[in-house]
Enquirer: 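One structure, pasted below without further comment.
Owing to the predicted nature of the structure, the values given are computational and were not obtained by experimental measurement. Note: hydrogens, waters and symmetry copies are ignored here, and every other heavy atom, side chains too, is used.
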Amino acid sequence: MVQYMEPILDATFAAISDPTRRGVLEQLVREDASITDLAERFHMTLTGMKKHVGVLEQAGLVATEKVGRVRTCRLGLHTLDKEAEWIERYRQLWAERFDELDKIVEELKQKEKTHGQKKK
């Protein structure tokens, strides 16, 4: 299989494809939290939350630190710049295509209007 994206993009998009992981990121924007707190907030097992945090950590979106028996999570240093560039490139491509489509539709409307006037 051909790889089109850099591995970090794959890891990021895989990580944020899950609504729970997006929710964890939103929670960590507000404040750092332990894995136990996150598991309680999202009504899931500690094991399940550890797996979600592991995926986010692997993508660089979350960093964890263990102090004693508590593992605390905070936003990672990954800034999502490459992901934003990738999305923007495709957004621009589609915007250009829709602009071209608008021109074609406008030309067809003008031709129809002109053709309709000639028939009268």
Enquirer: Between R89 and E85, is a side-chain contact (heavy atoms from CB on, under 4.5 Å) present by the stated rule, with each step listed?
Expert: CA-CA 6 Å; R89 190 170 55 239; E85 286 175 22; 5.5 Å; no

Enquirer: If you take all heavy atoms of T20 and M49, which pair is closest and at what distance?
Expert: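 Minimum heavy-atom contact is CG2-CE, 4.4 Å.
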
Enquirer: Minimum heavy-atom separation for F42 to V24, with atom names?
Expert: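 Heavy atoms only, the tightest pair is CZ-N, 3.5 Å.
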
Enquirer: Could you go step by step and tell me if V62 and L25 meet the side-chain contact (heavy atoms from CB on, under 4.5 Å) rule?
Expert: CA-CA 8 Å; V62 166; L25 290 174; 3.8 Å; yes

Enquirer: Write down the atom of C73, the atom of L28, and the distance for their closest heavy-atom approach.
Expert: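 The pair with the smallest heavy-atom distance is O-CD2, 3.5 Å.
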
Enquirer: Indicate yes or no: at least one non-hydrogen side-chain atom of I16 is less than 4.5 angstrom from one of R21.
Expert: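 The answer is no, as the side chains (C-beta and beyond) never meet within the 4.5 Å cut-off.
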
Enquirer: Could you name each residue pair satisfying salt bridge (charged side-chain N to carboxylate O under 4.0 Å, His left out) that touches residues 54-80, not counting sequence neighbours?
Expert: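 Applying salt bridge (charged side-chain N to carboxylate O under 4.0 Å, His left out) to every pair that reaches into residues 54-80, excluding sequence neighbours, yields nothing.
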
Enquirer: Taking all non-hydrogen atoms of both residues, which atom of A15 and which atom of A59 are closest, and how far apart?
Expert: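 Reported closest heavy-atom pair: CB-CB, 4.0 Å.
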
Enquirer: Between R97 and L93, is the side-chain contact (heavy atoms from CB on, under 4.5 Å) condition met? List the steps.
Expert: CA-CA 6 Å; R97 288 181 177 180; L93 174 73; 4.0 Å; yes

Enquirer: Heavy-atom distance under 4.5 Å between the side chains of V29 and L75, does that happen here?
Expert: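 With C-beta onward as the side chain, the pair touches.
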
Enquirer: Kindly say whether the aromatic ring centers of Y90 and W94 come within a distance under 6.0 Å.
Expert: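 When the ring centroids of Y90 and W94 are compared, they turn out to be at least 6.0 Å apart.
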
Enquirer: With a 4.5 Å cut-off on side-chain heavy atoms, are L80 and L61 touching?
Expert: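 Yes - at least one pair of side-chain heavy atoms lies under 4.5 Å apart.
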
